[in-house]
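Chain identifiers are assigned alphabetically (A, B, ...) following the order of the sequence lines, protein sequences preceding nucleic acid strands; residue numbering begins at 1 within each chain. Since the model is a prediction, treat every value here as computed from it, not as a measurement.
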Protein chains: 2
Amino acid sequence: MTETTFDEVDQRILGILQIDSNIPIAEIAQQVALSPTPVWRRIKRMEAAGLIRARVALVDQKLVNVPMTIFIGVTAPRHAMEWFKRFQALIEDIPEVVEAYRLTGATDYIMKVVVPDIDAYDVVYQRMINEVEFTTVNSSISMEELKFTTAVPTKYL
Amino acid sequence: MTETTFDEVDQRILGILQIDSNIPIAEIAQQVALSPTPVWRRIKRMEAAGLIRARVALVDQKLVNVPMTIFIGVTAPRHAMEWFKRFQALIEDIPEVVEAYRLTGATDYIMKVVVPDIDAYDVVYQRMINEVEFTTVNSSISMEELKFTTAVPTKYL
DNA sequence: TATGAAAGACTCCCATC
DNA sequence: GATGGGAGTCTTTCATA
């Protein structure tokens, strides 16, 4: 069995790619004080290992007309697999739901929804409560985005 | 004044790039039934307009050793600019805080934090309450990520 | 790991229809 | 908008040290 390990250089490369994935390898090589070839090999290794999942374009929410972010906390009427499956299918099918998590505590699930305005939100909301049963639904509108990054800390790697 | 408009083709191109930003222009061209040149021009136009903010690498949270996601809801002791500035600086300075929003409702702010484990979370937590005052702090651990995408709906564009 | 080199892909920008 | 062409960059691989 071959153990796969990653070092501080890999951490730094990941950190760079999480900010800009289009940066030329030669430039990354400069920043980590290596030549391009080994940097290229390290990136390939991290892709193969699955550390790097994808390279995506991030859009400006306001400019693509989905300036409104809403968090919805819900509780489930019963903790049964059948309900969960329907809930899961629902959120998967609604593109406005960009994130969803099952939580500890009083709120069973939290969802993050992006829409153009309140009217569009109500359409999503109506659809949700029509297709799946909830005991409580609690919506909080985001008035301001203070921080948003897809870059997670790599220092723990 | 020149009005900048975007059509359904732009929507589709954005949708594609939000899933994979490394896909060759020639392939996008096929998918939207255009030749590469106009597709290239459309992408440049959307970049210039700021619709496309960045191209980033997404990493696997578990594989980079930050498998734990925690949501922290807080209320502020006073609604003063001085407090807000310190709070803002705090979250900006903590890489484990990947998202933060000011909300309507009972919870003033919600933060999303990613860490390796509970111990690492406590380090972040202690630092936060040491550096900034909060009236209430409410942490919910994510037991399961049901959905996570950086792709927002483009149909409203 | 570094260096050098070479092939190929892709981007980018022409000019023309 | 389509086609075609060409320069240039970047990726990818290999050979050598």
With the side chain counted from C-beta on, respond yes when [X] and [Y] share a heavy-atom pair under 4.5 Å apart, and no when they do not.
X        : Y        : value
A:Trp40  : A:Ile43  : no
A:Met111 : B:Leu146 : no
A:Met128 : A:Val124 : yes

Task: Crowding at OH, A:Tyr125 (>12 non-hydrogen neighbours, <6.0 Å) - done: no

Open item on the list: Please determine whether a side-chain nitrogen of the Lys or Arg among B:Asp20 and B:Arg55 lies less than 4.0 Å from a carboxylate oxygen of the Asp or Glu.
Closed with: no

Open item on the list: Using a strict threshold of under 4.0 Å (side-chain N to carboxylate O), is an ion pair present between B:Arg78 and B:Glu133?
Closed with: yes

TODO: Looking at every strand, decide which applies to A:Arg41 at a 4.0 Å heavy-atom threshold: base, sugar-phosphate, or nothing.
DONE: base

Task: Within residues 23-34 of chain A: residues closer than 4.0 Å to DNA chain D (heavy atoms) - done: A:Pro24, A:Ile25

Just the rounded figure in Å: distance from [atom2] of [N] to [atom1] of [X].
X       : N      : atom1 : atom2 : value
A:Ile43 : D:dT13 : CD1   : P     : 13 Å
A:Arg45 : D:dT13 : CZ    : P     : 16 Å
A:Asn22 : D:dC10 : CG    : C1'   : 11 Å
A:Lys44 : D:dC14 : NZ    : P     : 14 Å

- [ ] Tell me, please, the opening and closing nucleotides of DNA chain C, 5' to 3', among those with an atom under 4.0 angstrom from a non-hydrogen atom of chain B.
- [x] C:dC10 to C:dC13

Task: B:Val97 reachable from B:Val66 in the ILVMFWY side-chain graph, under 4.5 Å edges - done: no

Task: Distance-only polar pair, side chains of B:Ser140 and A:Thr104, donor-acceptor under 3.5 Å - done: no

TODO: Answer with yes or no whether the side chains of B:Thr69 and B:Gln61 bring together a donor and an acceptor at under 3.5 Å.
DONE: yes

TODO: Decide side chain to side chain donor-acceptor pair (under 3.5 Å) for B:Thr150 and A:Thr150; before the verdict, give the C-alpha distance in whole Å, the side-chain angles of both, and the deciding distance to 0.1 Å.
DONE: CA-CA 8 Å; B:Thr150 54; A:Thr150 54; over 6 Å; no

Open item on the list: Using the ring-ring contact (aromatic ring centres under 6.0 Å, His included) definition, which of the options A:Phe71, A:Tyr101, A:Trp83 pairs with A:Tyr109?
Closed with: A:Trp83

Task: All stems with DNA chain D, defined as three or more consecutive Watson-Crick or G-U pairs under 3.5 Å - done: C:1-11 with D:7-17, C:13-17 with D:1-5

